[in-house]
Amino acid sequence: MEKHLHIVCFDVPYPPDYGGAFEMFYKIKALHDEGVHIHLHCFDYGRGHQDKMKNWCHEIYYYERTEGHKGFSFRLPYIVTSRANKQLLENLQKDDYPILLEGIHCSYFLYGNDLANRKILLRLHNAEHLYYKQLSHYSRSLVKKIYYYHESHLLKRYEKEIASKCLVLPLTETEVNHYREEFHAKQVVYLPAFIGWDIPLCREGAGTFCLYHGNLSVPENEKAAIWLLENVFDELEIPFVIAGKKPSARLNQLAHRKKHTCLVANPSEKEMQDLIQKAHINILPAFSDTGIKFKLLNSVFCGRHCVVNDTMVKGTYLDPACHIAGNAEGFKSILVQLYHKPFHEEEIQLRNGLLQHYYNNKVNAKRLIQWIW
């Protein structure tokens with residue numbers, strides 16, 4: 001019997017050039033490889049229609065997001081109400097196929113019970129209320145601080161409402177526990193992230209620099225980069241590169257203040273992967289423990305040594321592949337130890353074991369299919 005599945009994405013999942021799109025795209029591809037006929041619904045607010053997705057989808061629908069004040073609500077989160085599209089509901093109601101909602105963003109019709117008697121699963125990309133609370137804390141703009149704080153308040157109430165309406169599938173064990181304890185969710189199961197590698201692409205040997213990478217327009221990522229410059233590489237004269245999208249003028253200035261530090265602004269995807277693979281050490285402190293950081297997955301499965309803090313690897317099962325530091329002095333000490341230590345085949349094999357056990361797309365697609373049908 002043919003298996004048909006509606007997948008509702010909060011953004012266009014192709015190209016897989018950032019965390020959310022990356023996870024959605026490789027999930028779609030893995031389900032297609034298992035014979036699932038995918039009816040894709042996605043909100044396009046800048047990425048455009050992607051004909052290449054027809055290779056993995058039975059049919060594709062695109063919807064506009066209601067942006068600005070028209071999508072704003074004092075009662076429900078903006079990320080949800082801006083995607084409350086009537087045409088989406090009509091298309092979902094044309095049949096009785098099961099539905100996979102990608103993110104809280106796409107759950108408006110679940111919240112309103114407009115899809116009663118349907119099999120629905122919710123892929124949790126973040127504990128969004130915590131994520132927005134942390135965005136409020138790290139943002140330097142007063143307007144953004146107020147917006148993020150307001151959205152966080154609405155999201156907490158909203159997430160509590162929908163936590164027990166369907167099977168919830170978080171990206172980390174940390175968020176499984178959070179949903180159980182904070183919202184008393186009974187149907188919540190850990191499903192690891194879908195990734196773009198069947199085997200680790202790490203290179204043996206040694207590189208010549210340390211790397212921090214990420215979308216530098218995200219307040220948390222800018223904070224991490226500045227923290228490294230001011231607290232780790234202030235006196236430690238090891239070559240340090242920061243790379244990512246849309247760095248601020250402040251970060252650019254700080255990165256070029258010393259001879260051993262620099263910034264690569266807006267590298268292409270190919271250039272970024274080249275930096276990750278060539279670096280001797282990928283350094284990834286995190287100040288937010290929501291979701292999983294795809295820069296961590298990329299560094300573990302494509303890079304050499306990884307130095308992180310506990311927050312970065314919490315609930316991911318990737319800590320055996322990383323060196324964990326507790327503070328700035330800990331980062332400095334580990335970097336000094338690793339900088340002249342070649343990366344060996346045994347470490348690649350360890351990472352392959354983690355990939356095959358937790359992050360195997362084929363295995364995880366089969367698990368997801370069992371929960372749906």
Side-chain angles (χ1 to χ4, degrees), residues 1-45 47-65 83-110 112-125 162 165-171 187 189-198 359-373:
M1 188 176 108
E2 287 188 348
K3 290 180 170 66
H4 288 260
L5 174 67
H6 290 287
I7 299 182
V8 185
C9 294
F10 60 83
D11 197 357
V12 178
Y14 193 88
D17 55 0
Y18 76 94
F22 188 94
E23 211 276 334
M24 292 188 292
F25 171 74
Y26 285 106
K27 188 188 304 107
I28 289 166
K29 187 173 183 297
L31 289 169
H32 170 268
D33 291 346
E34 293 302 314
V36 178
H37 295 269
I38 294 165
H39 304 258
L40 180 65
H41 306 260
C42 46
F43 287 88
D44 175 19
Y45 46 104
R47 286 164 67 80
H49 293 203
Q50 299 291 336
D51 286 344
K52 196 163 185 179
M53 287 304 300
K54 293 175 182 177
N55 293 331
W56 303 283
C57 299
H58 185 72
E59 57 182 353
I60 306 174
Y61 299 93
Y62 294 93
Y63 308 92
E64 287 186 14
R65 208 178 147 195
R83 293 176 175 86
N85 188 288
K86 290 181 181 178
Q87 188 59 53
L88 168 62
L89 179 61
E90 288 176 15
N91 288 334
L92 293 174
Q93 290 176 330
K94 288 177 181 177
D95 52 59
D96 61 356
Y97 301 147
I99 303 165
L100 174 62
L101 301 174
E102 290 287 348
I104 295 293
H105 319 58
C106 303
S107 63
Y108 181 83
F109 298 115
L110 172 67
N113 296 317
D114 296 293
L115 296 165
N117 304 315
R118 293 289 287 277
K119 177 76 175 192
I120 300 175
L121 297 87
L122 173 62
R123 174 47 137 185
L124 196 70
H125 284 253
I162 66 166
K165 286 182 176 284
C166 68
L167 178 62
V168 179
L169 306 170
L171 282 162
Q187 296 184 81
V189 185
Y190 170 55
L191 179 66
F194 286 78
I195 64 174
W197 311 282
D198 297 320
Y359 295 93
N360 185 312
N361 286 358
K362 188 174 183 66
V363 170
N364 290 329
K366 287 181 181 293
R367 289 175 66 203
L368 180 53
I369 287 167
Q370 287 177 346
W371 293 329
I372 298 170
W373 287 281

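Quantities reported herein were computed from a predicted structural model and do not represent experimental measurements. Every heavy atom of this structure was used, including side-chain atoms; hydrogens, water molecules and symmetry mates were not.
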Participant: Could you tell me if the side chain of Y62 sits less than 4.5 Å from the side chain of Q50, heavy atoms only?
Facilitator: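 In contact.
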Participant: Got a donor-acceptor contact below 3.5 angstrom from the R123 side chain to the P170 backbone?
Facilitator: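 Yes; judged by distance alone, with no hydrogens or angles, the pair exists.
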Participant: So does E59 have more than 12 non-hydrogen atoms from other groups sitting under 6.0 Å from CD?
Facilitator: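 Yes, because the 6.0 Å sphere around CD of E59 holds more than 12 heavy atoms from other groups.
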Participant: Suppose we call two aromatic rings close when their centres sit under 6.0 Å apart. Are W197 and Y359 close by that rule?
Facilitator: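 Ring centres of Y359 and W197 not closer than 6.0 Å.
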Participant: Inspect the contact between D95 and R118 and indicate whether a charged nitrogen and a carboxylate oxygen are less than 4.0 angstrom apart.
Facilitator: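 Yes.
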Participant: Show your reasoning for whether side-chain contact (heavy atoms from CB on, under 4.5 Å) applies to I99 and V8.
Facilitator: CA-CA 8 Å; I99 303 165; V8 185; 4.2 Å; yes
Participant: Taking only residues two or more places apart in sequence, or in another chain, which ones meet H125 in a side chain to side chain donor-acceptor pair (under 3.5 Å)?
Facilitator: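 Here the qualifying residues are E102.
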Participant: Could you walk me through whether W373 and V36 pass the side-chain contact (heavy atoms from CB on, under 4.5 Å) check?
Facilitator: CA-CA 11 Å; W373 287 281; V36 178; 4.0 Å; yes
Participant: Hey, are the side chains of L88 and Y108 touching, using non-hydrogen atoms and a 4.5 Å cut-off?
Facilitator: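 Heavy-atom side-chain distance check fails, nothing below 4.5 Å.
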Participant: Please list, chain by chain and in numerical order, all residues satisfying side chain to side chain donor-acceptor pair (under 3.5 Å) with H4, sequence neighbours excluded.
Facilitator: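 Only E2, H39 meet the side chain to side chain donor-acceptor pair (under 3.5 Å) criterion with H4.
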Participant: Between R47 and D17, is there a salt bridge with N-O shorter than 4.0 Å?
Facilitator: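 So D17 pairs with R47 through a salt bridge.
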Participant: Going by heavy atoms in the side chains, are Y14 and I28 under 4.5 Å from each other?
Facilitator: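 Sidechains of I28 and Y14: no contact.
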Participant: Can you tell me how far the CZ atom of F43 sits from the CZ atom of R83, to the nearest 0.5 Å?
Facilitator: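 Spacing of CZ (F43) from CZ (R83) equals 7.0 Å.
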Participant: Could you list the residues that satisfy side chain to side chain donor-acceptor pair (under 3.5 Å) with K165, not counting sequence neighbours?
Facilitator: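 With neighbours one apart ignored, the set is N113.
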Participant: If every non-hydrogen atom of A193 is compared with every non-hydrogen atom of N361, which pair is closest and at what distance?
Facilitator: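 Distance-wise, the nearest heavy atoms are O-OD1, 4.4 Å.
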Participant: To the nearest 0.5 Å, how far apart are SG in C106 and CD1 in I7?
Facilitator: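 Spacing of SG (C106) from CD1 (I7) equals 11.0 Å.
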Participant: Between Y61 and N85, do the side chains contain a donor N or O and an acceptor N or O under 3.5 Å apart?
Facilitator: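 There is no such pair (donor and acceptor under 3.5 Å, judged by atom type) between the side chains of N85 and Y61.
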Participant: Considering only heavy atoms from C-beta outward, does the side chain of N364 approach that of F194 to under 4.5 Å?
Facilitator: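 They are in side-chain contact.
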Participant: Could you grab the distance from atom CG of L40 to atom SG of C57, nearest 0.5 Å is fine?
Facilitator: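 Interatomic distance, L40 CG to C57 SG, rounded to 0.5 Å: 4.5 Å.
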Participant: Looking only at heavy atoms, which two atoms of P192 and R367 are closest? And how far apart?
Facilitator: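 Looking at all heavy atoms of both residues, the shortest contact is CD-NH1, 3.4 Å.
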Participant: Give the ring-plane orientation class for Y97 versus H6, where under 30° counts as parallel, over 60° as perpendicular and anything between as tilted.
Facilitator: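 The arrangement is tilted - the two ring planes meet at 30° to 60°.
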Participant: Test of understanding: with ring pair (Phe, Tyr, Trp, His ring centres under 6.0 Å), list the residues that count as partners of Y45, not counting sequence neighbours.
Facilitator: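 Checked Y45 against ring pair (Phe, Tyr, Trp, His ring centres under 6.0 Å); zero matches.
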Participant: Return the set of residues passing side chain to side chain donor-acceptor pair (under 3.5 Å) with H32 (not counting sequence neighbours), or none when no residue passes.
Facilitator: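 Once residues adjacent in sequence are excluded, H32 has no partner under the side chain to side chain donor-acceptor pair (under 3.5 Å) criterion.
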Participant: Check the pair Y63, N91 against side chain to side chain donor-acceptor pair (under 3.5 Å), reporting the backbone distance first and the verdict last.
Facilitator: CA-CA 11 Å; Y63 308 92; N91 288 334; 2.9 Å; yes
Participant: Which pairs, with at least one residue in residues 30-40 and sequence neighbours excluded, count as a salt bridge (Lys or Arg N to Asp or Glu O under 4.0 Å)?
Facilitator: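 Residue pairs passing salt bridge (Lys or Arg N to Asp or Glu O under 4.0 Å), neighbours aside: K29-D33, E34-K362, E34-K366.
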Participant: According to the interplanar angle, ranging from 0 to 90°, do the rings of F10 and H105 count as parallel (below 30°), tilted (30 to 60°) or perpendicular (above 60°)?
Facilitator: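 Rings of F10 and H105: parallel, as their planes differ by under 30°.
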Participant: How close do F25 and P16 get, heavy atom to heavy atom, and via which atoms?
Facilitator: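 Closest approach of F25 to P16, heavy atoms only: CD2-CG, 3.8 Å.
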Participant: Working to the nearest 0.5 Å, report the span between CG of L167 and CG of L124.
Facilitator: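 One gets 11.0 Å once the value is rounded to the nearest 0.5 Å.
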Participant: Does I162 form a side-chain contact (heavy atoms from CB on, under 4.5 Å) with I104? I'd like the steps, not just the answer.
Facilitator: CA-CA 9 Å; I162 66 166; I104 295 293; 3.5 Å; yes
Participant: Quick check for you: to the nearest 0.5 Å, what is the distance between L101 atom CG and S107 atom OG?
Facilitator: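 It comes to 7.0 Å.
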Participant: Is there side-chain contact between N117 and D96, with at least one heavy-atom pair below 4.5 Å?
Facilitator: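 Counting from C-beta outward, N117 and D96 never come under 4.5 Å.
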Participant: Are I372 and K3 close enough that some pair of their side-chain heavy atoms sits under 4.5 Å apart?
Facilitator: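 No; the side chains remain at least 4.5 Å from each other.
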Participant: Supply the atom-to-atom distance K27 NZ to L169 CG, rounded to the nearest 0.5 angstrom.
Facilitator: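 With rounding to 0.5 Å, NZ (K27) is 8.5 Å from CG (L169).
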Participant: For Q93 and L115, work out which heavy atoms get closest and say how close.
Facilitator: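 In this case the closest contact between Q93 and L115 is CG-CD2, 4.4 Å.
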Participant: Any side-chain heavy atom of I60 within less than 4.5 Å of one from D51?
Facilitator: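 Side chain of I60 against side chain of D51, heavy atoms only: no contact under 4.5 Å found.
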